[in-house]
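Input: a single structure, listed below in structure tokens.
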Number of protein chains: 2
Amino acid sequence: MPGRNIDEWIDRYLSVSFLVMKRGAALVKGSLCEEMTHDQYYLLRYIRRRGACTSTELAAMFGVNKSAVTAMTNRLVDKGWLRRDRDKNDRRVIVLSLTEQGEAWIAEMDRSVYRLVEEVIARFPEEEIETFIRTYERLARVLQEVEEAK
Amino acid sequence: MPGRNIDEWIDRYLSVSFLVMKRGAALVKGSLCEEMTHDQYYLLRYIRRRGACTSTELAAMFGVNKSAVTAMTNRLVDKGWLRRDRDKNDRRVIVLSLTEQGEAWIAEMDRSVYRLVEEVIARFPEEEIETFIRTYERLARVLQEVEEAK
DNA sequence: ACTAATAGTTCAACAGTTGAATAAAATGGA
DNA sequence: TCCATTTTATTCAACTGTTGAACTATTAGT
């Protein structure tokens, strides 16, 4: 009965992924300052790691509409954490990058979020952590492939 | 250098969890009908599995305010998928449960979402799936413990 | 009996999202 | 070169999900 096993995995995955998403978001939000939301923290983190990028790229990366990115980046620009610059070579393109203030805020938030995640991670054996994260990263790639195939 | 290793895990975990959350949500939403949102699907699934429950329980489970649950359940009751009943023994309590229509809709949505998740899961070796889900479930429990300890 | 605590709702305000309409700039084939 | 098409980003109205404070109704603890 291979189908039986797979359906059980699907059910367990769907149930647990929603739980972890919600509980994780609540915990992370509790570690952030009032001025920064959960989604803003992750978006700024992504831009810091990725370097300057465009709204089209962000929309594709996170599977949202470009207008959603415009709305989010508007708030981040208003707060002085993000900068918009026109691309010299292609004047349609707006390049997004962190401001110095943005770098400072995200570094500050990182400190408390890292403490939180460390507290969670510390409860797992090292090998289990490494194995889990590796599969998680593989899952992220597979989700992108599946999305592109549609 | 144990600290070095942990910081790397934390960084990788934060990055990949946001990616999977966003991309996964986009894919699941694409498998649902227009009438049902991503969060509504998961909430109805939880109530089906859990059986009748209260808004206080849902709020604690998902780490949100009770008023958020009221707002969500209002929309689900309006759609005829969820029912509110006063508890006979404690008249402060409102018991939430699926209607027959709710059961039918969620079963219908399950069919397409299961197809999607199966497509994703099929790309992993069986042992990796089982190992991953087991750690994921353990993570959900740890997040609850950490939250309760605050 | 009276104060505390508990369960749930309401409300205003906000963040995030969609989808359609728009503007501006680049591309590419005739 | 010209013009249609594509690409990039924004605006707008409408919606979902969320918070936090204020509120109602009920129960629990002395």
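Please read all numbers here as calculations on a predicted model, not as lab measurements. Residue numbering restarts at 1 for every chain, and letters A, B, ... go by the order of the sequence lines.
- Salt bridge status for B/D87 with B/R92: absent, with no side-chain N to carboxylate O gap under 4.0 Å.
- Look at C/dA4: its glycosidic torsion is within 90° of 0, and that puts it in the syn range.
- Under 3.5 Å, the side chain of B/R91 and the base of D/dT26 form no donor-acceptor pair of N or O atoms.
- Regarding A/E34, its CD atom lies at a distance of 13 Å from the P atom of C/dC14, rounded to whole Å.
- Electrostatic pairing of A/R48 and A/D110 counts as a salt bridge here, judged by a charged N lying under 4.0 Å from a carboxylate O.
- At whole-Å resolution of the value, CG in A/D85 and P in D/dA9 are 13 Å apart.
- Side chain to side chain, B/R84 and B/T73 meet the donor-acceptor criterion of an N or O pair below 3.5 Å.
- Between B/T70 and C/dT10, a side-chain N or O to OP1/OP2 separation shorter than 4.0 Å is absent.
- If you check distances only, the side chain of A/S67 does reach the base of C/dG19 with a donor-acceptor pair under 3.5 Å.
- Distances shown here put a side-chain N or O of A/R84 below 4.0 Å from the OP1 or OP2 atom of D/dT10.
- Contact check on A/E8 versus A/R12 returns a salt bridge, with a Lys/Arg side-chain nitrogen under 4.0 Å from an Asp/Glu carboxylate oxygen.
- Computed from coordinates, the B/I94 CD1 to C/dT6 C1' distance equals 14 Å when rounded to whole Å.
- Across all strands shown, C/dA4 forms no Watson-Crick or G-U wobble pair with both key distances under 3.5 Å.
- Side-chain rings of A/Y42 and A/F62 stay apart, their centers remaining 6.0 Å or farther from each other.
- Residues B/S55 and B/V69 approach most closely at CB-CG1, 3.6 Å, considering heavy atoms.
- Within the nucleic acid shown, A/N65 comes within 4.0 Å of at least one base atom, counting heavy atoms only.
- Atom CE of A/M72 and atom P of D/dT10 are 14 Å apart (whole Å).
- Shown here, D/dT27 forms no base pair; nothing in the strands shown gives a Watson-Crick or G-U wobble contact with both key distances under 3.5 Å.
- Of the two residues near DNA chain C, A/R92 and A/K66, the one whose nearest nucleotide lies more 5' is A/K66.
- Atom-to-atom, CG of B/D90 to C1' of D/dG29 comes out at 15 Å; the value is rounded to the nearest Å.
- The side chain of B/R75 places an N or O atom within less than 4.0 Å of a non-bridging phosphate oxygen (OP1 or OP2) of D/dG17.
- The separation between B/K88 atom NZ and C/dA7 atom P is 20 Å, rounded to whole Å.
- Residue B/K29 places at least one side-chain N or O under 4.0 Å from the OP1 or OP2 atom of C/dT18.
- Toward the 5' end of DNA chain D, the nearer of the two residues B/V69 and A/T54, judged by each one's closest nucleotide, is A/T54.
- Scanning residues 39-48 of chain A for heavy-atom distances under 4.0 Å to DNA chain C yields A/D39, A/Q40.
- Look at B/R134 and B/E130 and you find a salt bridge, because one of the NZ, NE, NH1 or NH2 atoms lies within 4.0 Å of a carboxylate O, short of that distance.
- For A/K79 and C/dA15, the NZ to P distance is 6 Å, given to the nearest whole Å.
- Distance, B/D87 CG to D/dA25 P: 19 Å, rounded to whole Å.
- Donor-acceptor pairing under 3.5 Å, judged by distance alone, is absent between the side chain of B/T37 and the base of D/dG17.
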For this session: Quick one: do A/Y46 and B/F18 satisfy ring pair (Phe, Tyr, Trp, His ring centres under 6.0 Å)? Show the steps, please.
Result: CA-CA 9 Å; A/Y46 179 82; B/F18 190 61; 8.6 Å; no
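- Checking B/V95 against A/N89, the closest nucleotide of DNA chain C that is more toward the 5' end is the one next to B/V95.
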